[in-house]
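Read through the structure below, which is laid out as structure tokens, and then see the notes.
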Amino acid sequence: YLPDVQIGLNFSKSDKLKRLVYHEVAHSSHYTKVGIAYWTVLATNEILANGHGNENSPGAGRIALCESWAEHIARTIAHETYGLNNSLNSHPDYLIYLEKQRNEELNHIPTGYYQDLIDPIKIGEIAHDGYWANGTIGSINDNVSGLSNNQLFSLLNSNIKSPSDFNTALINSGFIQAPNTQVDITNLFNSY
């Protein structure tokens with residue numbers, strides 16, 4: 001049997017290693033909600049995609065959902081742990097790093113989406129595809145705020161197999177309260 005979580009030691013800085021740990025533990029908590037069948041399909045998809053793949057990889061939606069959620073949680077907790085006392089070179093803290101990355105790569109793995117559902121409104125913010133501000137630049141239509149990680153996590157069940165499924169579940173969840181609207185949620189999602 002293979003271990004459930006593997007943490008490599010390819011980071012020499014504590015904050016970067018712990019961000020990876022937080023990412024993997026976020027996967028573990030997601031797994032507890034969706035079960036082994038769901039997670040086996042994810043693992044198979046990532047093997048076939050040789051990692052995270054791209055928007056056209058087999059199971060790209062599931063990969064995008066699971067990896068974006070784990071990275072959102074990882075950077076959120078890294079920010080809460082380290083704040084400005086971190087080893088990031090291109091961003092002052094992990095939340096700004098989260099805010100400035102739209103997708104892991106163009107149209108795939110919407111890393112900043114969940115934070116934009118939570119944070120104060122920032123209409124027209126600019127974010128990049130790719131890591132460390134390398135990649136396509138795009139504008140985020142963020143007229144949404146006030147949701148919580150607990151609300152968002154509650155939507156991650158085995159029926160949610162893509163970011164699109166997640167967005168639909170969010171719209172139907174009852175969590176959307178004024179001043180947020182379904183149109184605002186849709187416009188934000190379409191920015192990714």
Side-chain angles (χ1 to χ4, degrees), residues 1-8 17-81 94-95 97-98 101-119 129 131 144 146-177 180 182 185-186 188-192:
Y1 294 94
L2 295 174
D4 290 335
V5 175
Q6 291 182 302
I7 307 296
L17 179 59
K18 285 183 182 172
R19 187 217 46 85
L20 175 62
V21 170
Y22 302 145
H23 178 102
E24 296 305 329
V25 171
H27 279 317
S28 294
S29 64
H30 189 177
Y31 167 85
T32 65
K33 290 196 70 183
V34 298
I36 192 166
Y38 183 102
W39 217 256
T40 300
V41 172
L42 172 66
T44 302
N45 292 153
E46 289 194 354
I47 290 166
L48 293 173
N50 197 26
H52 296 173
N54 61 46
E55 66 178 313
N56 299 311
S57 298
R62 190 181 306 242
I63 293 169
L65 175 75
C66 296
E67 295 301 336
S68 64
W69 176 254
E71 194 59 18
H72 162 70
I73 293 299
R75 292 187 202 175
T76 299
I77 297 173
H79 175 74
E80 291 170 359
T81 304
Y94 280 95
L95 279 189
Y97 178 24
L98 191 56
Q101 185 180 18
R102 181 172 59 178
N103 293 292
E104 187 173 296
E105 79 172 54
L106 186 62
N107 299 320
H108 189 54
I109 307 183
T111 307
Y113 172 65
Y114 310 100
Q115 180 62 24
D116 283 333
L117 293 166
I118 296 168
D119 68 2
D129 294 311
Y131 284 104
V144 179
L147 294 164
S148 71
N149 281 322
N150 285 340
Q151 288 172 318
L152 302 180
F153 183 66
S154 74
L155 300 175
L156 294 175
N157 62 53
S158 60
N159 295 320
I160 308 300
K161 298 175 182 157
S162 70
S164 180
D165 289 348
F166 180 90
N167 195 63
T168 299
L170 177 59
I171 287 170
N172 295 324
S173 68
F175 297 149
I176 310 305
Q177 304 291 322
N180 299 323
Q182 290 182 6
I185 299 293
T186 300
L188 174 61
F189 179 76
N190 289 339
S191 296
Y192 284 87

Inset, instruction - Report the distance from atom CG of L42 to atom CG of L65, rounding to the nearest 0.5 Å. - result: 9.0 Å
Inset, instruction - Return the orientation label for the H72 and W69 ring planes: parallel under 30°, perpendicular over 60°, tilted otherwise. - result: tilted
Legend entry - Note, N157 side chain near I160 side chain (heavy atom, < 4.5 Å): yes
Inset, instruction - Search all heavy atoms of E71 against all heavy atoms of L98 and return the closest pair with its distance. - result: O-CD1, 4.5 Å
Legend entry - Atom pair CD (Q115) and CG (L95), whose distance is rounded to the nearest 0.5 Å: 5.0 Å
Inset, instruction - Kindly indicate whether the side chain of Y38, heavy atoms from C-beta on, has any atom under 4.5 Å from the side chain of K33. - result: no
Legend entry - R19 to Y94 six-membered ring, cation-pi geometry met (6.0 Å, 45°): no
Legend entry - The single option from I118, I176, N180 passing side chain to side chain contact (heavy atoms under 4.5 Å, CB included) against V144: N180
Legend entry - Straight-line distance of D129 CG to T111 OG1, nearest 0.5 Å: 9.0 Å
Legend entry - Flag side-chain contact, heavy atom, 4.5 Å: Q101 against R75: yes
Inset, instruction - Kindly indicate whether the side chain of F189, heavy atoms from C-beta on, has any atom under 4.5 Å from the side chain of S164. - result: yes
Legend entry - Close side-chain approach of L152 and L170, heavy atoms under 4.5 Å: yes
Inset, instruction - Would you sort out whether I185 and N167 count as a side-chain contact (heavy atoms from CB on, under 4.5 Å), showing the intermediate values? - result: CA-CA 8 Å; I185 299 293; N167 195 63; 3.3 Å; yes
Legend entry - Residue pair F153 / I73, side-chain heavy-atom distance below 4.5 Å: no
Inset, instruction - Check G51 against I63 and note the closest heavy-atom contact, atom names and distance. - result: O-CD1, 4.3 Å
Inset, instruction - Check whether any side-chain heavy atom of V25 sits under 4.5 Å from a side-chain heavy atom of I77, and report yes or no. - result: no
Legend entry - Full working for side-chain contact (heavy atoms from CB on, under 4.5 Å) between E67 and E46: CA-CA 10 Å; E67 295 301 336; E46 289 194 354; 2.5 Å; yes
Legend entry - Pairwise distance CG(D119) to CG(L147) - rounded to 0.5 angstrom: 10.5 Å
Legend entry - Verdict with reasoning, I36 to Y31, per side-chain contact (heavy atoms from CB on, under 4.5 Å): CA-CA 7 Å; I36 192 166; Y31 167 85; 3.6 Å; yes
Legend entry - Polar contact flag, side-chain donor to acceptor under 3.5 angstrom, S68-Y192: no
Legend entry - N50, CG: over 12 other non-hydrogen atoms inside 6.0 angstrom: no
Inset, instruction - Answer yes or no: is there a side-chain heavy-atom contact under 4.5 Å between W39 and H30? - result: yes
Inset, instruction - State, to 0.1 Å, how close K161 and D165 come at their nearest heavy-atom pair, and which atoms those are. - result: N-OD2, 2.9 Å
Legend entry - Heavy-atom closest pair, residues P163 and A64: CG-CB, 3.8 Å
